[in-house]
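This report concerns only the one structure given below.
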Protein chains: 4
Amino acid sequence: MTKFEKIQEAALRLFTEDGFDATPTSRIAKEAGVATGTLFHHFSSKDELINALYIAVKERMIERIARGVTADQSLRDRLRQVWVNSISWGLDFPAEYRFFRQYSGSRYINDKAKEEGEAYLQFLFDLLQEGADDGVLKSTDASFLYAIGSGLVMEVIQYLLTRGKPENQDAIWETGWRSFWDALRAREA
Amino acid sequence: MTKFEKIQEAALRLFTEDGFDATPTSRIAKEAGVATGTLFHHFSSKDELINALYIAVKERMIERIARGVTADQSLRDRLRQVWVNSISWGLDFPAEYRFFRQYSGSRYINDKAKEEGEAYLQFLFDLLQEGADDGVLKSTDASFLYAIGSGLVMEVIQYLLTRGKPENQDAIWETGWRSFWDALRAREA
Amino acid sequence: MTKFEKIQEAALRLFTEDGFDATPTSRIAKEAGVATGTLFHHFSSKDELINALYIAVKERMIERIARGVTADQSLRDRLRQVWVNSISWGLDFPAEYRFFRQYSGSRYINDKAKEEGEAYLQFLFDLLQEGADDGVLKSTDASFLYAIGSGLVMEVIQYLLTRGKPENQDAIWETGWRSFWDALRAREA
Amino acid sequence: MTKFEKIQEAALRLFTEDGFDATPTSRIAKEAGVATGTLFHHFSSKDELINALYIAVKERMIERIARGVTADQSLRDRLRQVWVNSISWGLDFPAEYRFFRQYSGSRYINDKAKEEGEAYLQFLFDLLQEGADDGVLKSTDASFLYAIGSGLVMEVIQYLLTRGKPENQDAIWETGWRSFWDALRAREA
DNA sequence: CATGAATGAGATTTCATTCAT
DNA sequence: TATGAATGAAATCTCATTCAT
């Protein structure tokens, strides 16, 4: 692992454990086993480190979310796949999930990074827009559908990570999906 | 307005503008028009100030949410009322809403304050539990229903505050409600 | 002596011994016998400290230079008085003299401070302009005369401080004056 | 241009723009288009770079100042030539002039470099000493005459570079010369 | 000769908190 | 109650210099 990667790894871990502000760059460097100067050799500031991390995390997330979603599936099947992918991403990479939550509400958000990150999501907006146009989903506004859908996904991940007992996992997973789908789809005639 | 209140007001404003960590106590004191010592006379630490604020905000919020919810209404009507109250609280007190979001993900959370805050919500859990027991709602677990419901509420407030155009307000409000209700209720036979 | 004054005194001494850049604020604080935070309580930055010092030094200098210069004296006598005052200022306050030299060529110059400092010198410009208008001095441009005159003054102070042997003091003082006066005055017919 | 020369050129430019302390070696290397290591391959330290630059600049300066000064001229004519050469050097190579001023007052002065630099000036001291011995100049001390003369030269260059308007150039040049000569020469009988 | 990643001491500045008045 | 000067630990970031390639 290069020093560059060691720094990223230590930063992700410490940021999600203690938060951006409670994690000094000195501690990141120490945990990564490099000198403080080395951190700033690779990332010109703490801000840049955080935003670079955000882009990397988002990239890995979206790669995971899009997996197995193919054009021949029905809209419902594609959304189901997205749901499954999203929840399992959160459970497999809880640190990345927590990083994400923290980043969204933080003052470290860099507009450029945010835009770059959102570009990856285009395929999701397209999916929702398609459903909106066909009248299968509730709203004509893909961004609103996105807000609702992602809110539900994040909330269910949070629940599973913090309060889900192993024996309920499957039920929550399934109930979650039904909530998600019912929340988005237009009501049947 | 007492100095105590001035401090609380300035703190709420600055915290929601810049975040907890980016808001020095010295600036709160200055904006409140008091000396730094005075702030620490009323609140023994920054932590205590934040948690006192949290409790105050939560109290006001819950008072608002519970307004007009009466035992004689159907479950659906009561939830509808909660929905309406929640969204309008967010739009009427955006600073308090933002304070809330920030607090939840912060390291300033004080367990005692959190518990005290959640106690206020008991009536909501009861409401959801009742629906669960009757089979009107999707899950048997009120805490899961709460997670889903509150996630949707927060997301819709966020959307209305940041991206809602005035002409769409009503549609979003209504679509939001349908998503909320469809997400929570058991499917019709 | 107040802490404010102690800081100024220590700063002036260290700056002239080692230069602005080689004098850390931490050392100034230590020599002044205060905490680092105290320095920044009184001066918001190192820059501000340097510029505050500049204004204070310039004020004291000009007060000294103008001493005993009265309207009833001939132009030559007034310039003679300015010369004597200037050189003796330099010898009496070598640290302030050195601070001055250093400040002029430094990147810490703050335009506002510089202007404020130059305002004090107005009476000198007026003096030179009077001589220029009367044809007693060499140029019609007071600012050029000022440049030449102050350059000579500074150079002679420097010479006296670094290389003047005690037995030559009087000769240098006198020769210096003649150079100064000859450099400025128009040639006799 | 060799890398060695590129480094010197970039260093001279940056030092005179921003000052020694505000110019990191890394920036010099970048502007010179070489790696940081390369700079230290040619100059063992920043100190050495500055002093090497000083010697090179002084060499070029003295070569220029001595130009056209011949033994058959009168003392006055030789000093006149030195004056003209000095001022035109300053106007032709403002960066070198500024480097010079900065170096003199800096803590980077290296005694060896300083001595080496002053050795070049021997001919000027000789010139002044000759005038002193003949009674043509004001003092018997060549070093004092040098201080006064060089102070005036530097001041006039500074004036021409920063405040001289094109239409006044000739007048300043001429008035400057008369000040210089009057300041140095013994008074006519 | 040339490279540039790596180093770590050190610089400036911030800030929650105290305490004498 | 209220004040605000004073504190000093700690944070981010800089930079001359080294050294393995």
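By convention in this document, chain letters (A, B, ...) are assigned in the order of the sequence lines, proteins followed by strands, and residues within each chain are numbered from 1. The structure presented is a predicted model; accordingly, all values stated were derived computationally and were not measured.
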Practice item. Give, ordered by number, those residues of residues 38-53 of chain B having at least one heavy-atom distance below 4.0 Å to an atom of DNA chain F; if nothing qualifies, reply none. Key: B:Thr38, B:His41, B:His42
Point to revise | Polar side-chain contact B:Thr36-F:dA5 base: donor and acceptor under 3.5 Å | key: yes
Point to revise | Step-by-step side-chain contact (heavy atoms from CB on, under 4.5 Å) determination, B:Phe100 to B:Lys58 | key: CA-CA 8 Å; B:Phe100 223 75; B:Lys58 189 123 194 181; 3.6 Å; yes
Check your understanding: Quick one: on DNA chain F, does A:Phe20 or D:Phe20 contact a more 5' nucleotide (nearest heavy atom)?
Key -> A:Phe20
Practice item. Would you please test C:Arg64 and C:Phe93 for side-chain contact (heavy atoms from CB on, under 4.5 Å) and show each step? Key: CA-CA 11 Å; C:Arg64 177 71 175 257; C:Phe93 305 105; 3.3 Å; yes
Review point. When you look for runs of 3 or more Watson-Crick or G-U pairs in a row, both distances below 3.5 Å, which of them include DNA chain E?
Key: E:2-21 with F:2-21
Check your understanding: Hey, which of these two, A:Ser26 or C:Gly37, hits DNA chain F nearer its 5' end, going by closest nucleotide?
Key -> C:Gly37
Exercise for review: Might you work through the salt bridge (Lys or Arg N to Asp or Glu O under 4.0 Å) test for A:Arg107 and B:Asp21, ending with a clear yes or no?
Suggested key: CA-CA 10 Å; A:Arg107 68 195 151 103; B:Asp21 288 294; 5.4 Å; no
Point to revise | Residue closer to the 5' end of DNA chain E, D:Phe4 versus A:Phe4 (nearest nucleotide) | key: D:Phe4
Review point. Mind checking whether A:Tyr108 and A:Phe20 have parallel, tilted or perpendicular rings, split at 30° and 60°?
Key: perpendicular
Exercise for review: Tell me, with the steps shown, if C:Phe43 and C:Phe4 meet ring-ring contact (aromatic ring centres under 6.0 Å, His included).
Suggested key: CA-CA 9 Å; C:Phe43 304 92; C:Phe4 182 88; 5.0 Å; yes
Review point. Taking C-beta and beyond as the side chain, do B:Val34 and B:Ile7 meet within less than 4.5 Å on heavy atoms?
Key: yes
